[in-house]
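Let me give you the structure first, and then I'll get to my questions.
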Amino acid sequence: DFLNKSVLDMGCGTGVLAILAEMKGAAKIDAIDIDNWCYLNSIENVQRNSCSHISVYEGDATLLQDKTYDVIIANINRNILLNDIQVYSNCLTKNGILLLSGFYKEDIVIINNETEKNQLKYISHLEKNNWVSIKYKKE
């Protein structure tokens, strides 16, 4: 549910999830990637898809200071996620949703341990070919 929500697509790559969020009715979307090519490609894809609610930034989680979101999507490797979970939690509104992916089934325990420390409640997960996506809710 993205309708009228503020959304962060962290590690946005091509910007496809930010674009989908806008198509699903998100009101304000930030798309961030540390890779310059991803940043430039996201800008291009946002323009090609005539998106008007997406702002694209080049950088990392340090850009999130004083920002808040209803939904955060982060498709990044395990070590970066573990490093940034506290920042994501601090940026989420009460009852906000955090969607994490980009890691293996074996990493679920360590990811869950870190999210629990940061007031994020496990809701569910999906698995495909040993890759995992997990949904959390801010308590």
Problem - Contact check, side chains of L64 and I32, non-hydrogen atoms, under 4.5 Å - result: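 They are in contact (side-chain heavy atoms under 4.5 Å apart), so the answer is yes.
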Problem - E58 atom CD, over 12 foreign heavy atoms within 6.0 Å - result: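 Atom CD in E58 is packed in, count exceeds 12.
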Practice task
Could you tell me which non-hydrogen atom of A74 sits nearest to which non-hydrogen atom of L81, and how far apart they are?
Solution key: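 The pair with the smallest heavy-atom distance is CB-CD2, 3.7 Å.
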Practice task
Might you point out which heavy atoms bring L3 and D1 nearest each other, and give the distance in Å?
Solution key: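 Heavy-atom minimum between the residues: N-OD1, 3.2 Å.
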Practice task
Answer yes if L82 and M10 sit in the same cluster of Ile, Leu, Val, Met, Phe, Trp and Tyr residues linked by side chain heavy atoms under 4.5 Å apart, and no otherwise.
Solution key: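 Shared cluster, yes.
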Handout entry: Heavy-atom pair with the smallest gap, counting every atom of A31 and I54
Key =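 Distance-wise, the nearest heavy atoms are CB-CG2, 4.2 Å.
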Handout entry: Backbone of S89 reached by a side-chain donor or acceptor of K138 within 3.5 Å
Key =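 Yes; at least one donor-acceptor contact below 3.5 Å.
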Practice task
Please answer: with hydrophobic residues joined when any side-chain heavy atoms are less than 4.5 Å apart, are V16 and V7 in the same cluster?
Solution key: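 Cluster IDs for V16 and V7 match.
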Problem - Donor-acceptor pair, side chain of S6 and main chain of D70, under 3.5 angstrom - result: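 Yes; at least one donor-acceptor contact below 3.5 Å.
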Handout entry: Qualifying residue for side chain to side chain contact (heavy atoms under 4.5 Å, CB included) with K137, from L120, I97, L92
Key =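 Only match with K137 under side chain to side chain contact (heavy atoms under 4.5 Å, CB included): I97.
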Exercise for the section: Using the side chain to side chain contact (heavy atoms under 4.5 Å, CB included) rule, pick out the option among I111, I123, N118, I85 that qualifies with Y136. Expected result: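 The side chain to side chain contact (heavy atoms under 4.5 Å, CB included) with Y136 is passed solely by I111 among I111, I123, N118, I85.
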Exercise for the section: Please indicate whether K67 has more than 12 foreign heavy atoms, meaning atoms of other residues, nucleotides or ligands, lying under 6.0 Å from its NZ. Expected result: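 Atom NZ in K67 is crowded, with more than 12 foreign heavy atoms closer than 6.0 Å.
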Exercise for the section: Treating Ile, Leu, Val, Met, Phe, Trp and Tyr as nodes and any side-chain heavy-atom pair under 4.5 angstrom as an edge, say whether F2 and L8 lie in one connected cluster. Expected result: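 Different clusters.
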Problem - Close side-chain approach of K135 to L126, heavy-atom, < 4.5 Å - result: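 Side-chain contact under 4.5 Å: no.
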Problem - Option from S42, S50, C51 for which side chain to side chain contact (heavy atoms under 4.5 Å, CB included) with I19 holds - result: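 Single side chain to side chain contact (heavy atoms under 4.5 Å, CB included) partner of I19 among S42, S50, C51: C51.
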Exercise for the section: Please determine, by modelled atom types, if N90 and Q65 share a side-chain donor-acceptor pair under 3.5 angstrom. Expected result: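 Judged by distance alone, the side chains do not pair up.
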Handout entry: Main-chain N/O of Y39 paired with D33 side-chain donor or acceptor, under 3.5 Å
Key =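 Not a single qualifying donor-acceptor pair exists.
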Handout entry: W131-F103 aromatic ring centre distance below 6.0 Å
Key =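 No, they do not, as the ring centres are separated by 6.0 Å or more.
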Exercise for the section: Please check if L99 and I110 belong to a single hydrophobic cluster, counting links between Ile, Leu, Val, Met, Phe, Trp and Tyr side chain heavy atoms closer than 4.5 Å. Expected result: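 Each belongs to a different hydrophobic cluster.
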Problem - Note, T115 side chain near Y122 side chain (heavy atom, < 4.5 Å) - result: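 Counting from C-beta outward, T115 and Y122 never come under 4.5 Å.
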Exercise for the section: Look only at the side chain of E139 and the backbone of K121, and say whether a donor-acceptor pair between them is shorter than 3.5 Å. Expected result: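 Flag not set: sc E139 to bb K121 has no pair under 3.5 Å.
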Problem - Under 3.5 Å side-chain donor-acceptor pair for N41 and T14 - result: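 N41 vs T14: no donor-acceptor pair found between side chains.
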Problem - Non-hydrogen side-chain atoms of V132 and D107 separated by less than 4.5 Å - result: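 Answer no - side chains too far apart.
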Problem - Main-chain N/O of V87 paired to D84 side chain as donor or acceptor, under 3.5 Å - result: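 It does not hold such a pair.
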Exercise for the section: Answer yes or no: does atom OH of Y104 have more than 12 heavy-atom neighbours from other residues, nucleotides or ligands under 6.0 Å? Expected result: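 Open.
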